[in-house]
There are 2 protein chains.
Amino acid sequence: MNEKQPATAKPQRDEAVVSAFVERFAAQLTEAGMVRMPARVFAAILSCDSGAMSAAELSEQLKISPAAVSGAVRYLSQVTMISREREPGSRRDRYRVHSDQWYEALGNRDQIVKSWEETMREGVARLGPDTPAGRRLAETQEFFAFLGKELPLLLERWREERERTYGGSA
Amino acid sequence: MNEKQPATAKPQRDEAVVSAFVERFAAQLTEAGMVRMPARVFAAILSCDSGAMSAAELSEQLKISPAAVSGAVRYLSQVTMISREREPGSRRDRYRVHSDQWYEALGNRDQIVKSWEETMREGVARLGPDTPAGRRLAETQEFFAFLGKELPLLLERWREERERTYGGSA
DNA sequence: CCTTAACTTCACAAGTTTGTGAAAACAACG
DNA sequence: CGTTGTTTTCACAAACTTGTGAAGTTAAGG
């Protein structure tokens, strides 16, 4: 037989295949507005078996300089999509995707929405609540308020559904 | 009295104030990943009393060339945040924000989410559903599926709430 | 403490994006 | 069907962004 793995071996990673997937997903994230290096780094960590990678591993797999890794992980930590951990007794950091954590990063979006809402509120006041433009802004403000209220609820529902699927039977 | 407007006059636009608001909101949209000119154009139209502006008006208020206006409105039309209309018997287009329509542009996001989900599905298949990485991707896929299902519902709820507020009593 | 592995910072070169002017293409109106 | 006001296209210059190499900093382990 020409199988790549004997029946008893555990499934083996074909690094070329992994890399192709990583680059594809990263490209999609980039298209959606994410900066390229953080997107690639995030995709790589998400796709590794342990769920965590060192800077050296990232540097090698993505063929980028340590400087680029440094910048990307700083950004990703900032927006809480990964967390940094140091293995005690080593000087090597590892960067990890906490499954439960990075969904919440979407929740950070509601901070953005909040600030938009604030801007709308100010706009209504400045342009006048009785002007046509003011009324339009007021409605937009309500929309943002609605989102700010609903997004956290959405995440909560996800947490529940997730709990049911992965927590219950696993 | 030093009021800017007599009690009987209708509220009058102070263009400097309007412009300050437009630029502020546009800057926020830009920060959130939107390209600058489309953001400015969108903010300007949203903030004008009629809810629609001509290219010449945009060009003047934003101090940009007709070419820049052209590019921005093309983009905004594409993502359905504005619509183009021509006043019959004129050769001048007007660009309009349909309040009900641009919220839906958020809904377009669920197309993006759909394509991410597809990528995850492929990733699971390629990396192997029984590998740790494969399982992580599978969970991520479910998350995207969840979003794709929920986002349209969210918009629907907004439409209802909006109907109640603005449709019922106005 | 000194050595050394690992991470970070910084200035810069390469690459992209953005907005413009000028010219071309359109379309209403006489 | 030519005129004229309007929008679009295109090549280019300016501004910004990105990723790198190299030097600098930090901290584990001898």
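Computed from a prediction, not measured in an experiment: that's the story for all the values here. Residue numbers begin at 1 in each chain, while the letters A, B, ... track the order of the sequences.
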message: Let's see if you get this right: which residues in residues 27-37 of chain B place a heavy atom under 4.0 Å from DNA chain C?
response: V35(B), R36(B), M37(B)
message: Strictly below 4.0 Å, N to O, side chains only: are E142(B) and K149(B) in salt-bridge contact?
response: no
query: Does R121(A) pair with E117(A) as a salt bridge, N-O distance under 4.0 Å?
result: yes
field: Nearest-nucleotide 5' precedence on DNA chain D, P88(A) against I64(A)
entry: I64(A)
message: I'd like to know if the side chain of Q28(A) pairs up with that of T119(B) as donor and acceptor (distance under 3.5 Å, no hydrogens or angles considered).
response: yes
- line: Protein heavy-atom contacts under 4.0 Å, written 5' to 3' over nucleotides 5-11 of chain C as B (base), S (sugar-phosphate only) or - (none), form the string BSSBB--
message: Rounded to whole Å, how long is the line connecting atom CG of L58(B) with atom C1' of dT20(C)?
response: 17 Å
- prompt: In whole angstrom, what separates Y75(A)'s OH from dT18(D)'s P?
  reply: 10 Å
field: Backbone N/O of R74(B) and side chain of R84(B): donor-acceptor pair under 3.5 Å
entry: no
query: Are the side chain of T30(A) and the backbone of A26(A) linked by a donor-acceptor contact shorter than 3.5 Å?
result: yes
- prompt: Mind checking whether W158(A) and Y103(A) have parallel, tilted or perpendicular rings, split at 30° and 60°?
  reply: perpendicular
Distance, nearest 0.5 Å, that separates CG of D110(A) from CD of E150(A): 11.5 Å
task: Run through Y75(B), Y95(B), W102(B) and flag the one making a ring pair (Phe, Tyr, Trp, His ring centres under 6.0 Å) with F42(B).
output: W102(B)
